[in-house]
Protein chains: 2
Amino acid sequence: MSTTSTTSTTPQTAPRRATITDVAREAGTGKTSISRYLNGEMSVLSPDLRARIEAAIARLDYQPNQMARGLKRGRNRLIGMLLADLTNPYTVEVLQGVEAACHALGLMPLICHAANEVEMERRYLQLLTTYRVEGVIVNALGVREETLRPVVGSGIPAVLVDRLVDGLVADMVGLDNRAAAELGTRHLLESGFDEIWFAVQPFEQVSSRQLREAAFREAMGAQAGQAGQAGQAGQVGQVGQVGQGGKGRARGHTLVLNLADTAEVERSLAELDRAIDAATNAGHSGRGGNLANSGGAARPAAPHSRRIALFAANAPVALCLALHLKARYGADWQSRVALLSIDDPDWAELTGVTTIRQPTYEIGYRAVEFLHERIEGVQTAARDCLLPGELIVRASTSR
Amino acid sequence: MSTTSTTSTTPQTAPRRATITDVAREAGTGKTSISRYLNGEMSVLSPDLRARIEAAIARLDYQPNQMARGLKRGRNRLIGMLLADLTNPYTVEVLQGVEAACHALGLMPLICHAANEVEMERRYLQLLTTYRVEGVIVNALGVREETLRPVVGSGIPAVLVDRLVDGLVADMVGLDNRAAAELGTRHLLESGFDEIWFAVQPFEQVSSRQLREAAFREAMGAQAGQAGQAGQAGQVGQVGQVGQGGKGRARGHTLVLNLADTAEVERSLAELDRAIDAATNAGHSGRGGNLANSGGAARPAAPHSRRIALFAANAPVALCLALHLKARYGADWQSRVALLSIDDPDWAELTGVTTIRQPTYEIGYRAVEFLHERIEGVQTAARDCLLPGELIVRASTSR
DNA sequence: CTGTTAGCGCTTTCAG
DNA sequence: CTGAAAGCGCTAACAG
């Protein structure tokens, strides 16, 4: 690395940008006409004047100052886009839709990445407010009505993405969580798994997670025959009834994975490991040794063991599970447990994991459309736009 | 989906935000004092006045308008961050560093995602200019000096990330490409591979790709014994000399993968397949049928076959290769070819692919620091900051 | 210590 | 068709 450091501070004499006044002078006319030209009011300009202006602008390489325009007009075409976590492929994809829509509607998105920090979130929201954005699209984490106060309180329209915010009434667009979770669960059930673990991050605060988890439990309860009682929701809730390998009812569990806390994750995964070993009929002795069960190294899972599947509530959770399983059971972990995930990251295809793809692009696009309408003054009651997910079956669940 | 559409357009009567004038009136003083308060010039305010102002601000929930401040001051603390492709994990990681640095330096990054569209790139650069950002950090694709003209021409400082821009002299921070490529190549060589394919996107335009490819060729040429002549660089260049399985010199090839063109990719991959099948001594009758060379279809890799490795110039290329190989050779493709990639995406660990991790966070952080210095007027000659990559050996190359 | 006075660059009445 | 004048919300000399 070569980093010279001749710190010779001397406030650069930037070749001052041309202003509307300069152009007016250069074109031998008044600022008003220039302004008219800039705003496309061509019909009100004589061809001659128009030509002179055009020339002057070119000669001076003039570019109108958006800030100034915004100040005067009271609208700057800026909207804020608050993202909880760019590390999640979901977010990036939604963003693509947002960008496309903004482009189409002449808006400029101010992208703010909270990087999973509630504090950042607050800071950005506040910042967006001071920059007088015309609206905000929010996909955040700990957002409570209170956090959104500075913006919503200022009368700045907001539309929510993926999750609702408790006290707040606002448009929201996202996945049809209930349907998606049900779709996934049914697929697993139909594929004949006897035990399904729904892994999800702490969901008390996040509506989408809540809905997914609830729908999973319901779907488990509604298996084929009679309806089952809903299991209690807790660290590790239990849903449905025990099914003995064959055709009985499949068993359902909820596993909370607090990705923000390594120790907790560790504990949850241990819980899971125990279940897998049990279901799979294979004793597994910790990090050193392994599987000293069935004599022959034949198949990893004993013949009559229960088939177990993991249902990840989103990509980050799925990745966490996959990494763990791979570390524990080796490259061949999928022969032991199936994995299904909501979200469809690139490694899913590579790894053969079944997923439920969210219509991310459209989610982003619609969000901007909603926001745009609000900005234009539409007064409709808060709307919810729930888009369907698409099941992509891969090797993991279709052996 | 439920989307009501009672489009009752009625330009919302937003509860107008309080202005500095309102506060002044409310506090029974002049705007100047308010301004002073806002700018922390507390020492110049009597405790009494100060208290009144404080109260007034709170009462009115006043928030200074950044646009107006910027207009007056001539600086708005905004910097532009132009990204070529958020889909690439590298980009997101760099962004984290950028955000952290901005936070620390009191800057607000305007993130612009070109999504691999040269046109977008131009548009955004232009836009950033009109918003009068104080500087830009550029990580772009087709950027030629010309595209950057609007900004650099305006005297707006710019710092490049990852790649240089031909005609432009500006600070740049990125990976030490030569060292990284050499590191990777040497690792492969030392691991005993007999044939190495360096896969890279078209590199004529992108300095970092160029450097990586060149360094790869050099490293191949500099193998153990005598130096070998540099192979020609072309669609499929050849480097180094043929080595017969055992201890001879390893053979090197460059494979260009134009990810933007499916057909081209197809062709390049076919080329690669042939090589793999040949090296691997195994007839593989793919869906089209091919390789009618070696008779027996015995084990995937014959005993005395050459060991072949792929060296991907970055994550997108690596992903493309991995997906293809998996599709062609099944889940067990890694027993046939080894894969090493510059960049360390999450699926690398999951999949056991060896990588060279870039110090992404630091790259982003340094870029902002450089830019900040420039904004403050530092006049030093253009600097290059080359950070080292870290080799992360995984199963793929360490059997 | 505090207020008055000019604008920053642009849009928008309101008269020509 | 065209321009002069009055600000948008805020800061920065200058005087008190």
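These numbers were taken from a predicted model, which means no experiment stands behind them. Both backbone and side-chain heavy atoms feed into the values below; hydrogens, waters and symmetry mates do not. Reminder, nothing fancy here: chain letters follow the sequence lines and each chain counts from 1.
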* Base versus backbone protein contacts along nucleotides 10-16 of chain D [heavy-atom cut-off under 4.0 Å; B, S, -] -> BBBBB--
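- Among the atoms of the strands shown, none is found under 4.0 Å from any heavy atom of B/Thr130.
- Between A/Leu71 and B/Lys72 there is no side-chain heavy-atom pair separated by less than 4.5 Å.
- Taking 4.5 Å as the limit, every side-chain heavy atom of A/Tyr37 sits out of range of all side-chain heavy atoms of A/Ile20.
- Between A/Leu371 and A/Pro157, the closest side-chain pair of non-hydrogen atoms falls below 4.5 Å.
- Put simply, the side chain of A/His372 never gets that close to the backbone of A/Leu105: no donor and acceptor are under 3.5 Å apart.
- With a 4.5 Å cut-off on side-chain heavy atoms, A/Asp22 and A/Arg25 count as touching.
- A salt bridge is absent between B/Glu373 and B/Arg366: the closest approach of a Lys/Arg side-chain nitrogen to an acidic carboxylate oxygen does not fall below 4.0 angstrom.
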* Could you walk me through whether B/Arg69 and B/Asn39 pass side-chain contact (heavy atoms from CB on, under 4.5 Å), step by step? => CA-CA 11 Å; B/Arg69 303 181 111 188; B/Asn39 294 294; 3.3 Å; yes
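- In this structure, the side chain of B/Ser154 does not engage the main chain of B/Ile156 through any donor-acceptor pair within 3.5 Å.
- Direction of the helix axis in the helix from C/dC1-D/dG16 to C/dG16-D/dC1 shifts by 40° between the two five-pair termini, rounded to 10°.
- For the pair B/Val161 and B/Tyr90, the minimum side-chain heavy-atom distance is below 4.5 Å.
- Protein chain B touches strand DNA chain C; the 5'-most and 3'-most nucleotides with an atom under 4.0 angstrom of its non-hydrogen atoms are C/dC1 to C/dG9.
- Remark: the backbone N or O of B/Ile57 is not paired with any side-chain donor or acceptor of B/Glu26 at under 3.5 angstrom.
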